[in-house]
Structures are given as C-alpha cells and as structure tokens.
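Below is one structure, written out as structure tokens; the observations come after it.
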Protein chains: 2
Amino acid sequence: MSVGGATMDERVPRDFETLRATILDRRASLPKRIAQIAAYALDNPDDIAFGTAASIAASAGVQPSTLIRFAQQLGFDGFTSLQQVFRERLRERNSSYDERLAALRAKAEEGRGHRAIFDGFVAAASTSLGDISRSLNDAHFEEAVALLAKAETIYVLAKRRSYPVASYIAYALGKLKIRNQLVESAAGLNAEMIGFATPRDAVIAISFSPYAPATIEETRSIAEQGVPIVAITDSSFSPLAQFAKVWFEVAEADFGGFRSISATMALAMALTVAVGEKRREAGRRRKG
Amino acid sequence: MSVGGATMDERVPRDFETLRATILDRRASLPKRIAQIAAYALDNPDDIAFGTAASIAASAGVQPSTLIRFAQQLGFDGFTSLQQVFRERLRERNSSYDERLAALRAKAEEGRGHRAIFDGFVAAASTSLGDISRSLNDAHFEEAVALLAKAETIYVLAKRRSYPVASYIAYALGKLKIRNQLVESAAGLNAEMIGFATPRDAVIAISFSPYAPATIEETRSIAEQGVPIVAITDSSFSPLAQFAKVWFEVAEADFGGFRSISATMALAMALTVAVGEKRREAGRRRKG
DNA sequence: GTCAATATGAAATATTAATTCCAATCTACA
DNA sequence: TGTAGATTGGAATTAATATTTCATATTGAC
C-alpha cells in the first residue's frame, strides 16, 4: 500500500529534530487542516506528548482523524507512533536548570565562537532575574503601583540603553488603555511635553550609569513641578534617586561589556500590569 | 468505604514532591508487592509518566492490579490519576527544572497581590530563557552572524511588541559603530527608507503573532529587492519565515496574557555583539 | 496448627482511546 | 460550469488499556 504517493519503506523520522525538519520542509504542500495540526504540533510539543488524539485534536481545532492523517503522511503508521517521538524528546531532557546555567557559564567563559556569546547573554539574563527576584522590596513595589495607578497620565522617561524598556512600557500601557506619554526627543520638544505634567500625573524614569544627562535634567525639571516619580536605576547613588518618591535598584549582570536588561524588563512589565490590575480593582469598587 | 484503613477524604498528593514524601513516609508499612512498585515508581518516574499500566507492571515485576492498588492506597482513584502527577512533573521540569522557579510559579498562582504579578513575570522570563538556550541552533546562529557581518547597512524592522527589541539592537549596533537603520514610521517614509536597501545590506526582522501587517509587508518588499533577511519570530509557520535566509523561532512564555521578551532580547543582544566580534576578526585579518 | 484477615495473581469486564470508513465538501482543472 | 480528485467531518468500528472480580495464597494471632 502507498500513502500519498510515498512508499512505506521511506525513512520515518525517529527523533524530534528530524521530524521537525521534515514537517517544515513539507509545510508548503500540506492541506489546510493538516497544516493546522502541523503548526500546533511544533508550537505545543508537550501537548502532543501527553494528550490523547481526541484532546489534541480539539485543542488544535481539527478532527481526530485529521491528526491521524497527519501522522500517516509523515510515514508513521498512526498517531501512537508519532506520539512516541514527542515523548522521547521529553525524556531526553534531564539536566536541571542550575546545572544548565552552570554549564552555560562555563561554555561562555572557556569557549570561543559565537555560540559562547549567546550563552553568555542567557547566563547574564538568568543571573539578573535571580538577583532581582531576591532583592525586590514588596513594600516599594506596592507603593509604586499605588502611585502610578492613580495618575491621570503616566509619563515614561528614558534614553539610550533604557529606551527599549520605556517603549515597551508605553506599548503595554497602551494595550491596557492607560493614558501615557513616552517622552522622546525626535523634534526636541521634550521640555514642552514635560511642561504639561501636573501633580495629578506620574512619571516612570529609567536611567543607568552612565546616566544620560538629558534624562537627569528632564527628571529634575518634572520633579520640580511636583509630579511624583518612580525611578528604576542601578545604584543608590544614582542622581535619579534624589528626585523619586519610590525607586528601584536593579543590578544587571553584564557580558562582554553589554549589560542585560532582562531584570529591568521584568520589573517594567510587572509594574505595568500591576497598575492595570489595580485600576481594574478600583474601577470595580467604584461601580459596585 | 475505606481503603487500607485510610479514609477517602484524606489529602491526595497533587504534586510530585508531596507524593514522594508520602510514599517514603509509608514505605515501612506497605505490603511486599506494593512496596516493590513504590520503589520502582520513585526510581523510574519517567516510566510511570509514559507507560501503560500493563507495561509498568511488567517492568516492575508485579501484576497490573497491584499497580492500581498502590495508587488507591495513596488516595488516588486509580492508576490514571496517579500517572497525572508523574506527567505533570515532567512538564514542569521540561519548561524549568529549577526549584526556585517552581516556587515562584506557585507563589504567582496561589498568591494574589501585586508581588505575585512580579513573580509571574520573572518566572516567565526564566522559562523563556531556558527554552531558547536549549533550542537555539548553532549553525543557524553562525549563518545569521556571517550574513549580518558582511552587510554594509543593517536594517532593523519591527513594530509594536517587538519594537523595543529593535530599538535595543539599533542602540547596540550604534555603540559598536556598525551602520544601521531602524525602520520606524513616524513620518510614514518606511517604503522610501526600505527602497535604499541593496543586496549588499541585510535585514533583521522581528515579528510575533499576531504579526503586524506592516512588518510582513515591509519584509516582503525588502526581500523582493534581494536583501538577505534574518528573522526572529515565534512559530515555524510565521509569515516572516518564508522571506528569510535564516530565521529563529523563539517561544516566549507568557504571564497574564503578556508575553515575556527576555529570550528575544538575549538572542538580539547575542546576535549584535557576535556581529561586532566577527567584524573585528575580519578587520584584523585584513590588516595582519 | 487453625482460623481470620490480608495480600496476590490471573482472567473477565468495562472503559477509553485509536483508527477506519463513508458521505459531504471543497479545489483544481478542463 | 461540470467533473475528478483531494480533503474533511463525524460516526462506526476496532484495538488498547484500566479496572474489577474472584479464587488462591500468605501471614500473623491465638
């Protein structure tokens, strides 16, 4: 018997990587539903490993029979043998997170080559996340959230290396429908923009050593207008700290002279979402 | 009804660690065959997760019914629900094996309050970093670095959620004195900007589901000009993949509907610095 | 050593899940 | 627009797997 023109003695992928490559190779020529389950399989390999044909099919939005056809097109004789590959993949992962991290660090130090650079950044990011999760002060966090949640407009202030964080905050606040203003300097109108801020607003200012003079200057100026400031910075001696109502000290590990920004990002996301949450709570309370 | 003197309303272990403790606690009082399967279970947890009652019983040298009695003595209503605990463990450990991380996640789930949000984002970031460090393909990485290193100008293309990553890449490339152009649309001149790119340049395009149509369109257009593209995206079926010479699939964990971008950031930083490194090497070779 | 209680093995049964089949629906091409 | 071939959905069928049952064996108390 032949399936889809392919004889049964063709090579059946035995390991996950081969299987993955095979799927990607054929994806253009797959029919719609088969492609749908193919995409689901590669995006949710764990679900394939643990689920039943029926449950997987339902999650992927197809019929169980489609799942079996998919397996057969790949040369397996049914869903069950396809599933074996996904299970095998899970069994092979056995090293602990700490061991992996240690290995990464070792590789990054000893090893040349570009993979080592990647490993170095992953290790730096992991370290920074570990540090911040230990050191973050709950009370400060609550205070910052409270302060930002009651602001009419949240101004977000950052330059250079911190700017990506600021742009992410602005994006996330926007998605949460919280009024905000990213202070960036394309037209040199920052001073005017800042001039609009009132004590009923609030500021998130982010700056790391060497502190961008413009950020400091703008923060000072907005502080003098009585606008409360939440600062994210990297030292208690940071010039931002003196202007801020609440400030966070984030120690980012570096690799090859480039500092991670993962911890800052995580803090920024958490602040943003927590502010959204707090506003929802407040909204409910007013209505109820 | 009571089983082995234990009432049914007693606490059934839901996670592997509790289960393990329970087994060790009772092992002295277990009958011979039950003890045998108990020992087997703790020694070969992966087999329990994936096997069938019959296959596990055979490996452990007992009858299937013994396996079920074992499960029932622990308070489960059958082998199937006992197996869930072993599967859950594998799933957890797969995304992150680390106990600290597991603890974080537990806190983030159980606990309300804003600290839980922060813990959730840290956990999501750590998970994503673990995933990418396992899944990144060295050859792809080298290829991307080579491709970008020989570009005259590197165009960086991203919108919305991916924009912070792009802005970071642009900043870092600038610090490394590598000519680059961030394609952003303040003045709606993206098409013109893209028009300047030639096959001697290169592009880093970043987009995640739901893919910003503008990013896709611009990527297509620049690909048609013969400019080689390195894509960072989240699924093998991403529309970006078809235009790219090299592409990376980054699976970011999410928390509360907001996806992490830590893994993407780490990859972006590594790519950038590796390109800088490669250029330095090439420069030395030309001089020496 | 005998009895009662408990534990075990093996087969029967019930349950669940995989697979197949067929009719309905699309799609490509004339 | 009509038609053959491919694709799909959904129910029917078959296979597998978990669970129950019951007869037998083992253990421990008296």
Side-chain angles (χ1 to χ4, degrees), chain A residues 1-8 12 23 26-41 46-88, chain B residues 1-8 12 23 26-41 44 46-88 237:
Chain A
M1 193 193 75
S2 70
V3 179
T7 60
M8 282 308 261
V12 179
I23 292 173
R26 300 202 193 157
R27 92 187 121 152
S29 66
L30 292 174
K32 198 171 87 178
R33 291 270 114 112
I34 307 272
Q36 190 175 329
I37 190 72
Y40 183 86
D46 289 10
D47 289 354
I48 307 284
F50 289 120
T52 67
S55 71
I56 296 165
S59 304
V62 302
Q63 290 288 326
S65 45
T66 305
L67 178 48
I68 284 152
R69 287 178 195 122
F70 168 58
Q72 289 174 338
Q73 283 216 357
L74 290 168
F76 298 97
D77 50 48
F79 163 69
T80 310
S81 31
L82 169 71
Q83 191 177 41
Q84 291 313 317
V85 175
F86 284 79
R87 292 187 164 180
E88 210 40 59
Chain B
M1 194 193 78
S2 69
V3 178
T7 58
M8 285 305 262
V12 178
I23 293 173
R26 298 199 195 159
R27 95 189 121 163
S29 66
L30 292 175
K32 200 172 80 175
R33 291 274 119 113
I34 306 272
Q36 191 174 328
I37 190 70
Y40 183 85
N44 308 284
D46 289 9
D47 288 353
I48 307 283
F50 288 124
T52 67
S55 71
I56 295 165
S59 304
V62 302
Q63 289 290 324
S65 44
T66 306
L67 179 48
I68 285 151
R69 288 177 192 124
F70 169 58
Q72 290 172 338
Q73 282 216 356
L74 290 167
F76 297 96
D77 50 48
F79 164 69
T80 309
S81 31
L82 168 71
Q83 192 177 40
Q84 290 314 315
V85 175
F86 284 78
R87 292 190 163 180
E88 207 43 56
F237 287 77

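Please read these numbers as outputs of a predicted model, since none were measured by experiment. Throughout, a chain's letter reflects where its sequence line sits, starting with A, and its residues are numbered from 1.
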Using modelled atom types and a 3.5 Å cut-off, is there a donor and acceptor pairing between side-chain atoms of B:Q36 and backbone atoms of B:A60?
yes
Do side-chain atoms of A:R87 reach the backbone of B:F50 as a donor and acceptor pair under 3.5 angstrom?
yes
For residues [X] and [Y], report the shortest heavy-atom separation together with the two atoms involved.
X	Y	value
A:I34	A:Q73	CG2-OE1, 4.5 Å
A:A41	A:F86	O-CE2, 3.7 Å
B:D77	B:Q72	O-NE2, 4.0 Å

Phosphate oxygens OP1/OP2 of [N]: is one of them under 4.0 Å from a side-chain N or O of [X]?
X	N	result
B:Q72	D:dT20	yes
A:T80	C:dT19	yes
B:Q63	C:dT8	no

Just how far is it from atom [atom1] of [X] to atom [atom2] of [Y], taken to the nearest 0.5 Å?
X	Y	atom1	atom2	answer
B:D47	B:Y40	CG	OH	3.5 Å
A:T52	A:Q83	OG1	CD	8.5 Å
A:I68	A:L82	CD1	CG	10.5 Å
A:I37	A:L67	CD1	CG	5.0 Å

Along DNA chain C (nearest heavy atom to each residue), the more 5'-positioned of B:P64 and B:L30:
B:L30
Produce the list of close N/O pairs, under 3.5 Å, pairing protein atoms with atoms of nucleotides 21-27 of chain C; give distances to one decimal.
from: C:dC21; atom 1: N4; to: A:R69; atom 2: NH2; distance (Å): 3.4

Check every atom of [options] against the side chain of [X] and return the nucleotide holding the closest atom.
X	options	result
B:F79	D:dA18, D:dT20, C:dA18	D:dA18
B:I68	D:dG9, C:dA17, D:dT19	D:dT19
B:P31	C:dG9, D:dT8, C:dA7	C:dA7

In whole Å, I'd like the distance from the [atom1] atom of [X] to the [atom2] atom of [N].
X	N	atom1	atom2	result
A:L67	D:dG9	CG	C1'	14 Å
B:I37	C:dT8	CD1	P	12 Å
B:F50	D:dT17	CZ	C1'	17 Å
A:D77	D:dA15	CG	P	14 Å
B:F70	C:dT8	CZ	C1'	16 Å
B:L82	D:dT17	CG	C1'	15 Å

Name all residues meeting the side-chain contact (heavy atoms from CB on, under 4.5 Å) criterion together with [X]; count only those two or more places apart in sequence or in a different chain, and write none if there are none.
X	value
A:A39	B:F237
B:I23	B:L19, B:A38, B:L42, B:F70, B:L74
A:S65	A:Q63, A:R69

Counting only non-hydrogen atoms, which of residues 53-61 of chain B are less than 4.0 Å from DNA chain D?
B:A53, B:A54
Please classify the nucleic acid contact of B:I34 as base, sugar-phosphate, or nothing, using heavy-atom distances under 4.0 Å.
sugar-phosphate
Take the C1' atoms of the five end pairs on each side of the helix from C:dG1-D:dC30 to C:dA30-D:dT1, derive the two axes, and give their angle rounded to 10 degrees.
20°
